[in-house]
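Worksheet for the structure shown next.
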Amino acid sequence: MPREIPKAYEPQEIEERWAKSWFDEKLFRAENSGDGAPFSIALPPPNITGSIHIGHMLEHTQIDMLVRWHRMRGHHTLWLPGMDHAGIATQFVVERQLAKEKLRRQDLGREEFEKRVWQWKAESGGVIKDQMIRLGASCDWTRERFTLEPALYRAVIEAFLRLYREGLIYRGRYMVNWCPRCQTAISDLEVVHHERAGEIWNIRYPIAGSKEFLVVATTRPETMLGDTAVAVHPDDERYQRFIGKSVMLPLMNREIPVIADTYVDREFGTGAVKITPAHDPNDFEIGKRHNLPQIDVMTSDGHMNEAAGKYAGVERFAARSRIVADLTELGLLEGVKEHMHAVGVCDRCKSIVEPRISTQWFMKMKPLAAPAEKVVREGLIEVVPENQRTILLQWLENIRDWCISRQLWWGHRIPIWHCADCNEMVPATDSRVEIVEGHARAAGVPTKCPKCGGEKLTQDTDVLDTWFSSALWPFSTLGWPDDTEDLRTFYPTSLLISGYDILFFWDVRMIMMGLHLSRDRITASASMGEGSSQRNQGEAFRQGSQGESVRQGTASVVPKGVAGSGASAPEGALGGRSFSSDISLAARGALAPEDTLASSVPFRRLYLHSLVRTAEGAKMSKTKGTGVDPLQLTQQYGTDALRYMLASMAAPGTDIALTEDRILGARAFANKIWNAARFLFVNLEKVEANGFTLDELAAPEIRAKAPYPVPGEGALAHRWIFSRLASVAAQVNDALENFRFHEACQTIYQFFWGDFCDWYIEWVKPQLANPNREIAVPAWRNIFAALDAALRLLHPAMPFLTEELWHKLPQPAAAHSIALDKFPEPRAEWTDVGADDAMATLQEIIVSLRNIRAEMKLDPKKKVAADFSSRGLTLRNVIQENLDPLLRLASLSELRVSKDHLDPKSGAVRSTAAFDLRIAYGDAVDKPAEIARLKKEIDRLEKDIESKQKRLADDSFTSKAPGHVVDALRATLVERQIEHRKLQDRLNELL
RNA sequence: GGGCGACUAGCUCAGUGGUUAGAGCGCUCCCCUCACACGGGAGAGGUCCAAGGUUCAAGUCCUUGGUCGCCCACCA
């Protein structure tokens with residue numbers, strides 16, 4: 001065992017060594033954990049694009065603490081890691097790289113481009129994994145998954161096909177959010193709104209065949225080129241006479257009708273609205289109601305198209321300026337005002353999003369939301385903190401259909417083929433995948449159109465939103481759709497820990513998909529893609545929009561083909577895209593039975609952790625340079641310190657502002673732990689000379705039998721520290737059970753630094769050097785056992801340091817790691833109320849004596865005599881029994897114990913209700929200072945006594961408050977009165 | 001427009017109706033005592049944003065207001 005322990009804790013070498021060892025040994029394989037109840041948790045898969053940031057580290061620290069805690073408590077524990085292909089984000093990164101070579105992805109072509117992305121993934125996709133390993137995440141890396149790997153690709157196809165057959169996925173032409181930079185549709189959630197000062201223009205639209213105008217207001221003049229109507233409120237008296245007439249659309253010279261629609265707000269602007277059904281969600285709806293044509297005036301990259309007449313080819317914002325200028329010239333611009341409004345931008349590239357009509361794939365959300373709502377409402381998924389539960393439920397109530405198709409090349413390609421002859425949509429025959437050049441693609445390629453027999457089938461070019469595959473993560477990673485051992489063992493997962501910022505993107509969608517899909521698995525006997533669902537799925541979708549039985553087996557089903565697509569699709573995308581729900585409440589009542597729901601939730605508990613912010617409270621941002629690199633902090637302060645700092649600040653529901661002094665504090669703590677252990681080993685060397693061996697003092701079987709009785713004066717501290725251990729273990733268990741990481745940290749911190757170091761070690765130091773084996777051996781045994789327990793308590797938060805120190809203690813030959821050791825149990829037989837009380841009193845006495853010394857400015861090295869007085873015989877006995885440590889810790893030469901009055905004139909006195917202490921004045925007596933102190937104290941006590949007396953005099957208090965509260969108050973009052981009298985007497989004697 | 005959160009010591013934050021509201025850092029004084037100066041000891045420091053209300057009892061629950069922050073939202 002290495003004995004050269006450096007004075008200051010140097011984490012770097014230790015951490016790197018253990019991180020590598022844990023990984024190489026596959027220490028955290030689920031198979032290495034205990035055989036208790038399963039505890040499973042899926043890592044929120046980081047995007048392959050990035051590197052670990054401090055937010056990941058917070059998340060991983062919290063997950064890791066719980067995972068390690070469960071593992072140490074013997075649970076069959078799995079933390080399943082993996083990465084997300086992050087479609088749009090990754091494509092964005094690789095496109096940027098291409099741009100440096102002056103290339104666009106179109107120049108490469110789809111296949112080449114995909115190769116480039118894979119290549120890039122091979123180079124940089126492993127960064128996060130390496131970082132996680134380095135930071136000590138105790139994942140089962142043998143089960144690592146990637147959303148685009150074959151097995152998960154297959155799960156995605158399977159999920160798509162099922163949902164498609166059920167009519168829950170449909171295709172149609174609707175208003176979507178279009179990013180002209182990324183050139184793809186994006187979901188509502190990927191549009192972020194920024195309040196901006198823009199302009200609103202008032203434009204005159206001449207009434208056809210008249211000199212009058214209708215003035216409309218717009219913030220986007222360029223869209224006017226696609227106007228197909230002007231709308232007014234039907235009851236608006238100003239415009240009644242124009243309804244049914246038409247106006248001449250300026251610049252385009254197109255005659256468009258004036259229509260009446262109650263959507264129009266008479267109070268806003270001029271009360272007349274231009275209607276552009278192809279470029280505005282509301283106008284889209286109005287357009288449908290009034291059968292207006294939809295004129296798309298833009299290209300996919302944000303330029304005006306040929307429908308824009310002379311503006312064709314002009315970039316959208318350039319067109320805006322030109323149109324405003326042209327209107328001005330024509331005298332048709334009535335005015336322009338500054339106007340605050342929310343501009344939607346692409347979450348990824350920050351381009352202004354263009355609402356646009358396009359043919360996309362959508363998922364009906366209402367039918368999926370109903371069961372999700374039920375499980376959350378009924379607590380089958382527990383959401384912490386509580387307010388996030390409300391937010392989640394509100395979002396589910398207002399859910400709208402999800403645009404799941406992306407015009408990207410990096411992702412899961414939609415498993416639908418289009419017939420060139422009749423436009424029929426033909427789904428993949430099954431969910432099989434084949435590996436081509438190392439990567440998966442759908443293998444169930446249909447060869448013949450079932451409708452027209454045509455053989456010219458081409459696969460849909462769109463890919464699925466990244467979040468579609470993420471939504472399957474908890475079960476796809478465990479082998480779904482196959483009925484695997486892992487799925488049976490670890491699904492539903494026990495817990496999901498995620499940031500609240502992806503609650504809607506991910507967490508909720510997992511709940512919906514999990515409830516809908518996870519129950520139907522393919523048994524091992526069935527071949528890939530040919531299984532069928534065995535269990536009754538419940539009736540949820542029997543009464544779905546198609547009004548027919550849609551829940552059927554996996555591959556045996558004749559595809560429903562166009563169900564839910566085209567004209568028969570539910571109304572609207574944006575705006576009205578709210579799936580006019582015919583899943584009624586009655587249908588909700590026919591949801592699957594509780595136990596089935598309970599066994600198909602993706603996770604039983606959901607904990608939304610806080611976000612890390614800068615010291616100023618702003619969101620961290622790489623572009624602003626306010627992001628913090630956790631690996632750099634790790635280099636500087638140590639991983640354990642950083643982990644501890646993050647955990648100690650992770651109070652549920654509040655964001656974390658990162659400050660350096662907290663990290664310094666955590667580093668000091670790590671150092672403290674290191675040095676406490678160092679103390680033991682350094683001193684052990686000294687006694688080894690006397691024939692002691694580490695094994696006899698600290699072998700596992702020796703530690704197991706602690707505490708050992710220590711004869712004579714030293715017994716108390718030993719009884720007390722084990723009593724503390726029991727209580728601390730219970731508190732930590734309780735805190736971790738409730739995600740109160742900060743509380744767990746604080747409890748351990750106070751135990752280790754305060755109880756273990758400041759009191760216990762100081763108390764028993766002389767015993768360890770005692771030549772009498774009868775004393776030294778049990779003392780050593782106890783302190784090693786206590787240290788060992790403390791390390792195990794600390795391990796979930798500070799894995800490296802504790803692993804290192806644990807290995808310095810003798811461990812069973814088979815033991816690999818503290819991570820597989822047991823978490824300390826709150827052992828009832830360790831609880832010792834008598835020791836707790838006695839110790840508390842002794843501590844109080846010692847602190848009081850030190851206080852007197854400090855106030856008297858006595859030389860710290862000089863030992864002085866003191867007097868102790870108490871009427872309590874028990875207390876006096878406690879003093880006598882512990883006189884030796886007491887004298888030492890209070891730096892006294894002697895303590896005279898009596899029950900006599902202590903004269904304050906000859907020394908400085910401190911009193912509690914139970915005892916008095918006095919240290920005789922030496923040369924200098926600062927009487928005025930003592931009198932001032934007494935007066936202040938008396939004043940405080942008087943106020944306190946008064947308030948207590950008042951409350952006790954109140955009948956309503958004594959009659960209504962619980963008895964123990966009243967009794968406690970009475971008891972305290974008596975104590976205060978005694979203290980007060982003592983102080984008053986002393987003051988009188990001094991005056 | 002809706003919703004959520006925060007406001008407690010100089011700073012950053014805990015605080016789960018019930019004795020005298022806590023921690024870390026910082027500050028003051030003392031100590032380089034043989035594990036640790038990333039240390040030890042002793043202190044100072046708070047009308048818990050404001051005003052009402054509920055309650056025997058409010059930092060804690062309710063209402064209103066203020067300041068700051070965040071999320072959601074199709075008012076041109």
Side-chain angles (χ1 to χ4, degrees), chain A residues 5 7-9 175 188 193 200 216-220 231 263-265 267-270 272-276 280-285 339 341-342 344 355 387-388 390-391 394-395 398 500-501 503-504 574-576 611 613 615 617-619 637 641 648-649 651 653-662 664-672 674-683 738 740 742-743 746 749-750 757-758 761-762 847 850-855 857-861 891 940-941 943-944 948 951 954-962 964-966 968-969 971-973 975-976:
Chain A
I5 303 178
K7 200 165 159 180
Y9 175 53
M175 180 67 52
D188 297 345
H193 295 273
I200 186 163
V216 301
T218 182
T219 53
R220 296 187 299 152
Y263 160 77
V264 179
D265 179 355
E267 310 299 318
F268 190 89
T270 59
V273 190
K274 62 189 274 306
I275 302 297
T276 323
D280 182 277
N282 296 307
D283 295 6
F284 178 81
E285 288 307 305
H339 181 64
H341 61 138
N387 69 308
Q388 296 289 344
T390 316
I391 293 170
Q394 279 175 3
W395 191 78
N398 301 313
Y500 60 78
D501 53 335
L503 175 63
F504 307 140
L574 274 180
L611 302 183
R613 299 182 180 281
K619 238 182 179 171
Y637 304 104
S648 72
M649 299 196 68
T654 43
D655 286 347
I656 295 174
L658 204 62
T659 56
E660 199 184 357
D661 57 5
R662 287 296 287 238
L664 285 170
R667 185 185 66 169
F669 184 40
N671 190 56
K672 187 73 182 180
W674 182 257
N675 274 292
R678 184 166 174 267
F679 163 79
L680 290 189
F681 291 114
V682 167
N683 280 278
N738 295 296
R740 306 182 63 79
H742 66 299
E743 212 170 86
Q746 203 188 340
Y749 182 98
Q750 280 173 353
C757 292
D758 291 346
I761 289 184
E762 294 305 326
V847 168
R850 286 170 177 170
N851 173 270
I852 301 175
R853 294 183 57 109
E855 298 232 331
K857 301 201 192 305
L858 294 180
D859 180 354
K861 288 182 213 89
S891 203
R940 195 175 60 81
L941 277 172
K943 280 185 189 142
D944 188 46
K948 285 187 169 54
R951 282 171 65 193
D954 186 347
D955 285 344
S956 56
F957 170 69
T958 46
S959 61
K960 287 187 185 172
H964 71 273
V965 173
V966 179
L969 191 66
T972 315
L973 175 61
E975 274 186 35
R976 296 289 175 275

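Chain A is the first sequence line, chain B the second, and so forth, proteins listed ahead of strands; every chain is numbered from 1. Just so you know, these numbers use all the heavy atoms, side chains as well, and skip hydrogens, waters and symmetry mates.
In a base pair of the Watson-Crick type (N1 to N3 plus N6-O4 or O6-N4) or a G-U wobble (N1-O2 and O6-N3), with each distance short of 3.5 Å, B:rU47 is matched with no nucleotide. Across every strand in view, B:rU67 sits in a pair with B:rA6 that passes the Watson-Crick or G-U test at under 3.5 angstrom. Checking B:rU55 for Watson-Crick or G-U wobble geometry (two distances, each under 3.5 Å) identifies no partner in any strand. B:rA42 is paired with B:rU28 under the criterion used here, namely a Watson-Crick or G-U wobble arrangement in which both key atom distances are under 3.5 Å. Base pairing of B:rC13: its partner is B:rG22, meeting the Watson-Crick or G-U wobble criterion (both donor-acceptor distances under 3.5 Å). B:rC74 is unpaired under the Watson-Crick or G-U wobble criterion, no partner having all donor-acceptor distances under 3.5 Å.
If you take atom P in B:rG45 and the same atom in B:rG22, they sit 14 Å apart, rounded to whole Å. Annotation: B:rU64 and B:rG3 have their P atoms spaced 11 Å apart (nearest Å). Atom C1' of B:rA9 sits at a distance of 12 Å from the matching atom of B:rG24, rounded to the whole Å.
Side-chain proximity of A:V965 to B:rC74, B:rG15, B:rG18: nearest is B:rG18. Out of B:rU16, B:rA76, B:rA23, the shortest distance to the side chain of A:Y263 is found at B:rA76. Proximity note for A:Y749 (side chain, C-beta onward) versus B:rA73, B:rU12, B:rG24: the nearest is B:rG24. Out of B:rA14, B:rU19, B:rG5, the shortest distance to the side chain of A:N387 is found at B:rG5. Picking from B:rC71, B:rG15, B:rA76 the nucleotide with the shortest atom distance to the side chain of A:F268 gives B:rA76.
Summarising the geometry of A:N671 relative to A:A8, their closest heavy-atom pair is OD1-CA, 3.5 Å, with the distance given to 0.1 Å. Shown here for A:D944 and A:K948, the closest heavy-atom pair between the two residues is OD1-NZ, 2.8 Å. Nearest heavy atoms, A:P355 versus A:R220: CD-NH1, 3.4 Å. The two residues A:H193 and A:A342 have their closest heavy-atom pair at CB-CB, 4.2 Å. The minimum heavy-atom distance linking A:T276 with A:D283 is given by the pair N-OD2, 2.7 Å. Closest approach of A:W674 to A:K7, counting heavy atoms only: CD1-O, 4.2 Å.
Counting to the nearest Å, the P atom of B:rC4 and the CD1 atom of A:I391 are 8 Å from each other. What separates CH2 of A:W395 from C1' of B:rC72 is a distance of 11 Å, to the nearest Å. Atoms CG (A:D501) and P (B:rG5) sit 18 Å apart, rounded to a whole Å. Taking atom CD1 of residue A:I852 and atom C1' of nucleotide B:rA42, one finds them 12 Å apart after rounding to whole Å. A:N398 has its CG atom 18 Å from the P atom of B:rC71, to the nearest Å. One interatomic measurement links the two molecules: OH of A:Y500 to P of B:rA6, which rounds to 12 Å at whole-angstrom precision. If you measure from atom NE2 of A:H341 to atom P of B:rC72, you get 18 Å, rounded to the nearest angstrom. Taking atom CD of A:Q750 as the reference point, atom P of B:rA23 lies 8 Å away to the nearest angstrom.
Distance check: A:N675 CG to A:Y9 OH gives 12.0 Å after rounding to the nearest 0.5 Å.
Contacts of A:V264 with the nucleic acid, taken as non-hydrogen atoms under 4.0 Å apart, include base atoms. Using a 4.0 Å heavy-atom distance criterion, A:N851 is classed as a sugar-phosphate-only contact. Within 4.0 Å (heavy atoms only), A:E743 reaches at least one base atom of the nucleic acid. Residue A:R850 is classed as a sugar-phosphate contact, given heavy-atom separations below 4.0 Å to backbone atoms only. Nucleic acid contact for A:R940: base, since at least one base atom lies under 4.0 Å from a heavy atom of the residue.
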**Message:** Output one letter per nucleotide in nucleotides 53-61 of chain B: B when a protein non-hydrogen atom lies under 4.0 Å from the base, S when only the sugar-phosphate is that close, - when neither is.
**Reply:** ---B-----
**Request:** Go along nucleotides 28-39 of chain B 5' to 3' and tag each nucleotide: B for a protein heavy atom under 4.0 Å from its base, S when only backbone or sugar atoms are that close, - otherwise.
**Result:** --S---SBBSBS
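Geometric assessment of A:R951 against the ring of A:F957 yields a positive cation-pi assignment under the 6.0 Å and 45° thresholds.
Residue A:H339 places at least one side-chain N or O under 4.0 Å from the OP1 or OP2 atom of B:rA76.
Scanning atom types as modelled, one donor and one acceptor separated by under 3.5 angstrom connect the side chain of A:N282 and the base of B:rC74.
Note on ring orientation: taking the six-membered ring where Trp is involved, the planes of A:F504 and A:W395 are parallel (angle under 30°, cut-offs 30° and 60°).
Proximity of a side-chain donor or acceptor of A:R678 to a complementary backbone N or O of A:K672 within less than 3.5 Å is not detected.
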**Message:** Please evaluate residues A:E285 and A:N282 with respect to the criterion side-chain contact (heavy atoms from CB on, under 4.5 Å), reporting the C-alpha separation (whole Å), side-chain torsions for both, the decisive distance (0.1 Å), and the verdict.
**Reply:** CA-CA 5 Å; A:E285 288 307 305; A:N282 296 307; 5.7 Å; no
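The salt bridge (Lys or Arg N to Asp or Glu O under 4.0 Å) search around A:E975 returns none, not counting sequence neighbours.
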